[in-house]
Amino acid sequence: MRERISHALGRDADEKALRDALKQRPDNVDAAIPLARGLLMRESPDEALEVLDNMLLAAPGDLRALNAKGVVLDHEGRHHEAQTLYRQALAIDPENPMLSNNLKLSLALEGTTQNGPQLQADGRHAPYR
């Protein structure tokens, strides 16, 4: 019982520290992503999305924030929205394996790749052969 209380108090302190860091620097991706991850683990996806949206307002086009928001959207079953973000990020960095893999995973979760067109590394449809 004490361990659970201690763990919960530590989590709250960590969340407060991350929120404070974001107040000081709204573009702090190193605070936004762990905060969003913690909120998602606590089953607060709307709060996680809000954190990432605010981060993207402060630093539009940040690849890590776009990816993190895509992951949250995929987690919530909002695959089409997630894929849009992965593609937006891949337009900035077409060789990014994390983004490419997450796009492919999102498409698989949605069922798009099952008996559907194959995708290239950048998420575009491969030419038919």
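Values in this document were obtained by computation on a predicted structure and should not be read as measured data.
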A.B. asks: Should Leu40 and Glu76 count as side-chain neighbours, where that means a heavy-atom distance under 4.5 Å?
C.D. replies: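 In contact.
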
A.B. asks: Just how far is it from atom CD of Glu47 to atom CG of Leu52, taken to the nearest 0.5 Å?
C.D. replies: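 That separation rounds to 12.0 Å.
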
A.B. asks: Taking the side chain as every heavy atom from C-beta outward, state whether Tyr86 and Leu66 have any pair of such atoms under 4.5 Å apart.
C.D. replies: no

A.B. asks: Indicate the atoms forming the closest heavy-atom contact of Ala59 with Asp27, along with that distance.
C.D. replies: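 Looking at all heavy atoms of both residues, the shortest contact is CB-CB, 3.9 Å.
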
A.B. asks: Linking Ile, Leu, Val, Met, Phe, Trp and Tyr through side-chain heavy atoms less than 4.5 Å apart, which residues share a cluster with Met41?
C.D. replies: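 Members alongside Met41: none; it stands by itself.
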
A.B. asks: State the CG-CG distance between Asp30 and Leu22, to the nearest 0.5 angstrom.
C.D. replies: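 If we round to the nearest 0.5 Å, Asp30:CG and Leu22:CG are 10.0 Å apart.
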
A.B. asks: CG/Asp20 to CG/Asn28 distance, rounded to the nearest 0.5 angstrom?
C.D. replies: 11.5 Å

A.B. asks: Would Leu99 end up clustered with Ile92 when hydrophobic side chains under 4.5 Å apart are linked, directly or stepwise?
C.D. replies: yes

A.B. asks: Check for me, please, whether Leu18 and Val51 land in the same ILVMFWY cluster - side-chain distances under 4.5 Å, paths through other members count.
C.D. replies: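 Yes, because Leu18 and Val51 connect within a single hydrophobic cluster, where side-chain heavy atoms sit under 4.5 Å apart.
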
A.B. asks: Would you say that Leu73 contacts Leu49 through its side chain, given a criterion of any heavy-atom pair below 4.5 Å between the two side chains?
C.D. replies: yes

A.B. asks: Between Leu90 and Val71, is there shared hydrophobic-cluster membership here, with clusters defined by ILVMFWY side-chain heavy atoms closer than 4.5 Å?
C.D. replies: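 Looking at the clustering, Val71 is in the same group as Leu90.
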
A.B. asks: Residues two or more places apart in sequence or in another chain: which of them pass side-chain hydrogen bond (donor to acceptor under 3.5 Å, both in side chains) with Gln88?
C.D. replies: none

A.B. asks: Nearest 0.5 Å, please: how far is NE2 in His75 from OG in Ser106?
C.D. replies: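 Going from OG on Ser106 over to NE2 on His75, the span is 13.5 Å.
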
A.B. asks: Examine Leu57 and Leu85 and state if one hydrophobic cluster contains both, with Ile, Leu, Val, Met, Phe, Trp and Tyr joined whenever side-chain heavy atoms are less than 4.5 Å apart.
C.D. replies: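 Different clusters.
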
A.B. asks: So which pairs with a foot in residues 48-59 pass side chain to side chain donor-acceptor pair (under 3.5 Å), sequence neighbours left out?
C.D. replies: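 Residue pairs passing side chain to side chain donor-acceptor pair (under 3.5 Å), neighbours aside: Asp53-Lys69.
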
A.B. asks: State plainly whether the residues Arg64 and Asp62 are in salt-bridge range, i.e. N to O under 4.0 Å.
C.D. replies: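 A salt bridge is absent here (no side-chain N lies under 4.0 Å from a carboxylate O).
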
A.B. asks: On a heavy-atom basis, which atom in Ala31 and which in Ala21 lie closest, and how many Å separate them?
C.D. replies: CB-CB, 3.9 Å

A.B. asks: Once rounded to the nearest 0.5 Å, what's the spacing between atom CZ of Arg78 and atom NE2 of His80?
C.D. replies: 12.0 Å

A.B. asks: Which pair of non-hydrogen atoms, one from Pro45 and one from Val72, has the smallest distance, and what is that distance?
C.D. replies: O-CG1, 4.1 Å

A.B. asks: Please report the shortest heavy-atom distance between Leu56 and Gly61, naming the atom on each side.
C.D. replies: CD2-N, 4.3 Å

A.B. asks: Do Glu15 and Leu39 come close enough that some side-chain heavy atom pair is under 4.5 Å?
C.D. replies: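 The answer is yes, as the side chains (C-beta and beyond) meet within the 4.5 Å cut-off.
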
A.B. asks: Rounded to the nearest 0.5 Å, what separation is found between the CD atom of Gln83 and the CG atom of Leu109?
C.D. replies: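 Separation between the atoms: 9.0 Å.
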
